[in-house]
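So that the names make sense, note that chain A is the first sequence line, chain B the second, and so on, each numbered from 1.
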Amino acid sequence: MTPQKRLMVPLSLFAASAVLLSGCAIDTGNSSTPTGEAQKGGILKVGSNGDNDHLDPALTSYVPTQNFIRATNRQLLSYEASTDENTRIQVKADLAEEVPEATNGGKTYTFTIKEGANWDAADGPRQIVAEDVVRGFKRLCNPYRSSPLLGYFQTLLTGMDEYCAGFAKIEAKPEPMAKYINSAKLPGVRAVDERTVEFNLKEPAGDFIYMLTLATATPAPEEVLDYLPDSPEYRENFVASGPYTVEEYTADKSLKLVRNEAWKPETDTLRKANVDSIEMTMGLSADAVTQQLQAGTLDMSFDTGLAPSVAAQLAAAKDPDFSTVDAGSVNPFLWINVDSPSNDGALADKKVREAIQYATDKASVVQTLGGEAVAKVQNGIFGPGVLGYHDFDLYPTEGHKGDPEKAKKLLAEAGYPDGITLKMPYRNKDIEPQIAQTLQAGFEKAGIKIELIPVSPTDYYTEFLVNREETKAGKWDIAPMGWSPDWQGGAARSVFQPLFTYNGTESTYNLTNYDNKEADKLAAKAVQEPDAAKAQELWAQVDEIVMGDSIIVPVAAPTTRLYHSKRVQNFQPYALATQGDWTNVWVQD
Amino acid sequence: MSAHTLTPAAATAAPEVKQRSSLRMTVDYLLKDRASLIAASFLVLLVLFALAAPLLAGITGHPANDQFRETGLTPAGVPVGPGTEFWLGADQLGRDVLVRLAYGARVSLIVGVVASLAAASIGIMVGMVAGYFGGKVDTVLSRCIDLVMSVPFLLAALALVSVLGASLPLSVGVIVFFSWTSLARVIRGQVIALRQREFVEAARSLGAGHWGIIFRDILPNLAAPIIIYATLMIPSSIVFEATLSFLGMGIVPPDASWGGMLAEASGNSIYLTAWWLVLFPGLALLFTTLAFNVLGDGLRDALDPRTRRKAK
């Protein structure tokens with residue numbers, strides 16, 4: 001529940017944090033609006049606590065890394081960095097000449113790659129071709145290290161299951177892997193001619209074009225087959241397609257990007273590449289980054305957030321360098337353990353779960369998160385900006401402060417007139433202990449006693465939440481979590497499928513195997529719906545059905561708090577990084 | 001250490017000389033030592049402060065764990081500073097820092113005193129047995145001491161608390177487990193010297209059993225090192241508890257502890273805007289450990305004239 005963490009990847013790890021791959025709504029007047037003419041040159045200094053998770057776009061699943069990918073790699077489709085929420089989440093052509101319409105009943109997409117879009121190859125600039133796109137997808141399920149977002153593409157692309165099953169049998173060494181990639185067919189992605197690539201889906205998917213904006217969908221040059229994915233050799237021989245390339249890199253210490261001479265600005269409408277170089281210094285604490293931004297010795301932050309108290313001060317002072325981005329996450333929400341034997345299995349009773357809904361003091365949690373300038377009350381499973389998000393509240397209370405009396409009444413009706421005691425673990429990290437105590441104080445007013453269990457961050461999911469034995473044994477009764485969609489806009493699938501579907505096989509983050517066939521049916525229709533307005537309506541229904549079952553208590557939707565030095569001009573957030581776009585800012589001394 | 005006695009003849013010859021007990025001499029020395037006096041006064045005040053915690057909560061109208069979100073926080077969640085409503089300011093959840101400081105003092109004192117007494121008891125027992133019996137018993141117990149001393153205590157403590165779950169008794173248990181060894185070593189050394197002394201031989205020749213000798217003859221002669229070491233163990237225990245709480249593995253929220261208060265102030269960088277959240281618990285921790293250390297030094301000087309001479 002803190003800013004700048006891993007992506008909420010349903011098929012991999014890390015389900016709780018506040019940085020998201022989705023974003024909309026930016027507010028507070030800020031210096032994002034360019035002052036005067038764009039200036040070329042200068043160094044953009046970026047401060048960071050940690051490093052990029054990977055330099056190989058196929059493997060990255062870390063939100064801050066998206067800015068690195070944006071600067072060094074291009075995808076067929078991408079987004080325009082913008083302070084306008086609608087502009088920011090519209091899919092735009094990047095390597096592709098245009099955003100295509102689906103054909104073949106919504107199952108085929110055909111792209112033409114722009115002429116002059118080049119790789120920065122060792123032997124000189126080389127046109128990016130359709131085979132590079134195919135290669136990019138073929139690498140995703142390599143036996144050495146597969147992509148964390150592979151699942152989405154495997155579900156959709158024709159023949160990807162079979163292709164990946166074959167790849168799993170190959171030895172995890174560069175040579176056999178390259179041989180397999182070059183020989184095995186992947187019918188779902190086909191190079192029609194040198195610059196035309198065709199995607200064939202198993203079923204229509206209205207959100208497929210959004211998925212193509214992900215780093216996972218980045219084309220791969222032929223050179224990458226000589227190395228293991230993201231190996232030291234890969235990093236040493238990094239081949240860029242974006243406006244910048246890696247000049248120096250020391251893991252966990254520093255990264256320097258310089259201009260990629262093979263990149264042609266006329267082929268790229270999304271990146272202006274104003275600064276000459278980008279220098280990233282790692283190993284700084286969040287407070288140190290904030291102080292250096294204020295002092296002007298750094299320009300932008302990479303993975304560190306702005307403390308709520310500092311953000312509140314900057315917002316109150318209307319600091320033009322401070323802004324927020326709605327990011328689509330729901331964090332925290334409380335998962336109710338219906339399998340818990342605590343209180344004689346009280347949580348299996350919907351009335352008790354509804355009492356918990358009414359007892360939750362969401363307004364106080366928003367206040368703890370830094371107030372309404374940086375977080376909003378959340379009532380549904382989809383966060384702001386995700387298709388399906390809409391303003392509704394099945395358990396309304398005045399000012400979202402909770403209704404202890406109603407909760408007590410429901411508990412009494414359910415046979416618990418003296419209240420219940422619930423075990424609530426929380427991650428012992430950042431603001432999470434305070435959120436847990438805020439929730440506890442609210443629940444106690446309604447006669448729900450909360451036993452807080454501090455858990456180390458590394459154990460929180462593995463030892464508690466996703467451990468089914470612990471869940472069934474009632475080691476926890478309600479647990480705060482966070483979830484963010486994996487891409488922009490039409491991203492409801494990446495929330496609903498991993499959290500709220502169950503097909504007989506346990507899904508890691510559907511903690512209690514929640515299953516509602518009606519919701520599943522509507523969701524299946526929604527993912528195939530090409531019309532965004534209709535899809536929105538369907539997802540909204542899904543949201544209400546899930547909330548009707550009262551399996552989770554959504555509490556808040558935090559925004560991402562952004563801050564930069566006074567030198568930085570044209571600070572336009574890039575949706576996938578929920579941070580100012582390195583490739584469009586300029587610096588002014 | 002033998003008792004100071006004066007023959008009746010000497011007493012008659014020098015009536016101006018008054019007999020002073022060890023306790024009297026120690027108290028007299030401490031009363032002359034200004035640093036010890038200030039430290040002791042501070043600790044008395046601290047105990048009163050801790051005892052008065054419910055009273056403070058009543059006077060201010062702010063129970064320790066109650067969140068005053070309307071008066072203690074701005075709508076943006078920034079706590080209000082020291083003032084008439086919250087004398088030492090409010091914390092990040094709108095709770096009264098003064099009241100929580102008082103309840104935190106209870107935790108620190110309980111942990112400090114209880115853990116030190118328990119650790120001292122174990123240390124004394126092990127040290128006496130090892131020193132008195134010697135031989136294989138000494139070898140085994142001494143290796144046990146070495147073993148505990150060689151464990152990286154913070155890591156082991158965190159691991160234990162992670163596995164068993166954080167709680168006050170567990171914190172005390174962990175502190176005791178890692179604190180008894182130094183006293184055990186000192187006591188062992190002292191007992192090895194004492195067991196050769198004439199009064200022990202005398203007791204043995206009069207038919208006293210081992211345990212009688214240990215408790216009746218040797219233990220009283222260990223009073224000085226025990227008092228000194230136990231006093232010096234208290235601040236270590238307080239800091240240890242604060243460290244565990246700071247790392248989120250000590251006192252479980254919302255109960256107050258100084259380490260927990262510092263952790264909450266730093267965990268969310270709130271200290272950047274609310275200095276009082278760091279300053280007051282920090283000062284409380286600093287002065288309390290300082291006071292116990294100064295008092296421990298004073299006691300050592302008072303009880304052991306040899307170190308006093310060196311120190312002076």
Side-chain angles (χ1 to χ4, degrees), chain A residues 1-2 285-291 294 304-316 361 363-375 401 423 425-438 440-442 444-445 450-459 463 475, chain B residues 63-70 72-81 90-95 100 155 158-167 170-171 244-257 260-275 277-278:
Chain A
M1 283 186 251
T2 55
S285 72
D287 292 344
V289 171
T290 302
Q291 284 161 350
Q294 287 174 322
T304 57
L306 202 57
S309 54
V310 178
Q313 272 194 337
L314 294 172
D361 181 355
S364 289
V365 175
V366 167
Q367 190 185 29
T368 300
L369 285 169
E372 287 172 7
V374 291
K401 288 184 175 175
K423 290 190 272 293
Y426 65 88
R427 276 201 303 189
N428 205 354
K429 186 167 180 273
D430 303 328
I431 202 170
E432 295 183 34
Q434 290 158 44
I435 289 173
Q437 291 175 70
T438 306
Q440 181 190 41
E444 292 203 342
K445 287 182 201 158
I450 298 291
E451 261 177 46
L452 291 178
I453 305 171
V455 182
S456 73
T458 45
D459 289 346
E463 295 298 318
K475 287 283 172 69
Chain B
N65 294 341
D66 282 15
Q67 301 177 6
F68 297 90
R69 294 191 157 266
E70 309 288 330
L73 296 173
T74 67
V78 179
V80 299
D91 75 0
Q92 58 290 329
L93 295 180
R95 299 173 298 198
R100 289 180 68 73
L155 285 181
L158 287 175
L160 267 174
V161 177
S162 297
V163 172
L164 300 173
S167 68
L170 185 66
S171 296
L244 283 178
S245 292
F246 184 81
L247 295 170
M249 293 294 161
I251 307 305
V252 179
D255 292 337
S257 72
M261 289 170 81
L262 286 169
E264 288 185 339
S266 67
N268 196 24
S269 305
I270 193 105
Y271 69 92
L272 291 175
T273 47
W275 51 268
L277 297 181
V278 174

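Heavy-atom distances place the side chain of A:Q291, and not its backbone, under 4.5 Å from chain B. Of the two parts of B:L158, neither the backbone nor the side chain holds a non-hydrogen atom closer than 4.5 Å to a non-hydrogen atom of chain A. Contacts of A:I453 with chain B are absent, with no heavy-atom separation under 4.5 Å from either backbone or side chain. At a 4.5 Å heavy-atom cutoff, the contact between B:I270 and chain A is made by backbone and side-chain atoms alike. Residue contact with chain B, scored on non-hydrogen atoms closer than 4.5 Å, involves the side chain of A:Q440 exclusively.
Annotation: maximal heavy-atom pairing with chain B below 4.5 Å, among A:A316, A:P308, A:A436, occurs at A:P308. Counting heavy-atom pairs closer than 4.5 Å to chain A, the top residue among B:T74, B:V78, B:N65, B:L73 is B:L73. For chain B, the option among A:A286, A:S364, A:A312 with the highest count of heavy-atom pairs below 4.5 Å is A:S364. Most heavy-atom pairs under 4.5 Å with chain A: of the set B:S266, B:P254, B:G260, B:G77, this distinction falls to B:P254.
The two residues B:V252 and A:L452 make their nearest non-hydrogen contact at CG1-O, 3.5 Å.
A:I431 contributes atom CD1, which lies 8.5 Å from atom CD of B:Q92 (distance to the nearest 0.5 angstrom). Between B:E264 atom CD and A:Q434 atom CD the span is 5.5 Å, to the nearest 0.5 Å. We find the CG-CG distance between A:N428 and B:L247 to be 8.5 Å, quoted to the nearest 0.5 Å. Atoms OG1 and CG, on A:T368 and B:L93 in that order, are 5.0 Å from each other to the nearest 0.5 Å.
Around CD of A:E444, the count of heavy atoms belonging to other residues, nucleotides or ligands within 6.0 Å exceeds 12.
Considering only residues two or more places apart in sequence or on other chains, A:K423 meets the salt bridge (Lys or Arg N to Asp or Glu O under 4.0 Å) condition with none of them. With sequence neighbours left out, the salt bridge (Lys or Arg N to Asp or Glu O under 4.0 Å) criterion links A:K401 to B:E70.
For the residue pair B:Q67 / A:Q437, no side-chain donor-acceptor distance below 3.5 Å is found, with atom types taken as modelled.
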